[in-house]
Amino acid sequence: MLLRLAIQKSGRLSDKSIDLLHGCGIRFSHPKGRLRAVSDNFPIEILYLRDDDIPGYVADGVADLGMVGENVVLEKGVQVEEVRRLGFGRCRLAIALPRGERYDGVSSLQGRHLATSYPRLLERFLSENGVQASIHEISGSVEIAPGIGLADGICDLVSTGSTLLSNGLKEVETILRSEAVLVANPDLSEEKRQLLERIGFRMDAVLRSKGFRYILLNAPVGAVGQIIRLLPGMRSPTVVPLADEGWVSIHSVIQDDDFWSIVDQLKEAGAEGMLVVPIEKMVM
Ligand code: PRT
Ligand code: ZN
């Protein structure tokens, strides 16, 4: 029995999905053109699909699991269970208008003609806000629609905002914040659920380590107290004696962004030979 997991064949989520599975110790091949691959060290089969097809396949049970943008899952509106947020593929679904237009809140959208690949989510947002606007569904290059006279505004995914900027558009409403999610068919067999739990446990270890670094530094014994106060470790930092009398090595876990904010204080306290290294997995 194999657990079937659908991931995006080629697109923004493909590499990160594959990296995450590899980080979980699941080995499989992904040669170009192949549509499926069986792992040789975990009972799982990977299906490579268009992202739009993934929620439906998982809901129908063709695949047991899928990794896909939450935006796609919600737009399709199918019955799947969200098991994990995966921390990549972050973006927002936003309404944008030509830069020069005046915007005084949602009522400014009344009577507009909006182009989008997300008609269902847009429709829901508009009706929740009591706005009547017409929706023109298009499948790609949504951002050029206002420029070519196809629409007065758009509703599309945004990450850096540079696409909007270069098309003379400004973001006026965010209707959803999204990231990649792991979804499951709601009726998995007991056996498959257990496999899912094993994968989920591994994923947690990989996802938890994101944003953390391991720090090692040397310090004179007298500075340990002060340095430990600067380093909030997972429990408390490890302190080990060095061969040099009067010196120790201190090891801890720090938040990625914290290092630069404390490095000067660490140096002042007497820390030397600091190493900051990536963490692959954190098992609690
Ligand atoms: O071929 P397939 O159908 O599988 O892929 P696709 O072309 O439909 O999807 P793809 O690979 O473009 O995106 C897959 C998923 O990545 C999306 O469903 C989102 O969950 C997520 N994601 C994250 C994004 C973006 N960021 C994003 N910026 N998807 C698309 N974009 C596009 C957006 O549509 C716009 O055209 O990038 C442009 C805006 O980017 P910025 O950086 O200029 O703001
Ligand atoms: Zn797609």
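For the single chain, residues carry numbers from 1 onward in sequence order. Order of appearance sets the numbers: ligands from 1, and atoms from 1 within every ligand. The figures here come from the full heavy-atom set of this structure, side chains too, leaving out hydrogens, waters and symmetry mates.
Heavy atoms from other residues, nucleotides or ligands lying under 6.0 Å from CD of Gln255 number more than 12. Residue-environment remark: CZ (Arg193) exceeds the threshold of 12 foreign heavy atoms within 6.0 Å.
Closest approach between the Zn ion (ligand 2) and any N/O/S atom of Asp51 involves OD1. Looking at Asp52, its N, O or S atom nearest to the Zn ion (ligand 2) turns out to be OD1.
Ranking protein heavy atoms by distance to atom 7 (O) of ligand 1, first place goes to Gln8 NE2, 4.9 Å. Counting only heavy atoms of the protein, atom 28 (N) of ligand 1 lies nearest to Ser159 OG, 2.9 Å. The protein heavy atom nearest to atom 26 (N) of ligand 1 is Cys91 CB, 3.4 Å. Protein heavy atom in closest approach to atom 32 (C) of ligand 1: Arg12 NH2, 3.3 Å. Looking at atom 14 (C) of ligand 1, its nearest protein heavy atom turns out to be Asp51 OD2, 3.5 Å. Looking only at heavy atoms of the protein, atom 39 (C) of ligand 1 is closest to Thr163 OG1, 3.4 Å.
Here Asn71 has side-chain heavy atoms under 4.0 Å from ligand 1, and that is the only part of it that gets that close. Of the heavy atoms in Val68, none comes closer than 4.0 Å to ligand 1. At a heavy-atom distance under 4.0 Å, only side-chain atoms of Glu143, from C-beta outward, approach ligand 1.
A donor-acceptor pair is defined here as one N or O able to donate and one able to accept, closer than 3.5 Å; such a pair exists between the side chain of Ser39 and the backbone of Phe42.
Comparing Asp53, Ile144, Leu157 against atom 33 (C) of ligand 1, the shortest heavy-atom distance belongs to Leu157. When Leu49, Val158, Leu13 are checked for heavy-atom proximity to atom 16 (O) of ligand 1, Leu13 turns out nearest.
Remark: ligand 1 and Glu70 share no N or O pair separated by less than 3.5 Å (distance only, no angle test). Taking distance alone, with nitrogen or oxygen atoms compared against 3.5 Å, Gly161 approaches ligand 1 more closely than that limit. Taking only nitrogen or oxygen atoms, main chain and side chain alike, Thr160 reaches within less than 3.5 Å of ligand 1.
Every pair passing side-chain hydrogen bond (donor to acceptor under 3.5 Å, both in side chains) that includes a residue from residues 115-129 is listed here, sequence neighbours excluded: Asn71-Tyr118. Residue pairs satisfying the side-chain hydrogen bond (donor to acceptor under 3.5 Å, both in side chains) criterion with at least one member in residues 2-15, sequence neighbours excluded, are listed as follows: Arg4-Glu45.
By the 4.5 Å heavy-atom criterion applied to side chains, Lys192 and Leu65 are not counted as neighbours. Counting heavy atoms from C-beta outward, Val73 and Val80 have side chains that approach closer than 4.5 Å.
Those atoms of ligand 1 with a heavy atom of Gly89 less than 4.0 angstrom away are 21 (C), 23 (C). Of all atoms in ligand 1, listed by their number and element, those nearer than 4.0 Å to a heavy atom of Arg50 are 1 (O), 2 (P), 3 (O), 4 (O). Within ligand 1, the atoms closer than 4.0 Å to a non-hydrogen atom of Ser162 are 43 (O), 44 (O), numbered from 1 in the order shown. Short contacts between ligand 1 and Gly11, defined as distances under 4.0 Å to a heavy atom of the residue, involve ligand atoms 11 (O).
Ring pair Phe28/His22 is tilted by interplanar angle, where 30° to 60° counts as tilted.
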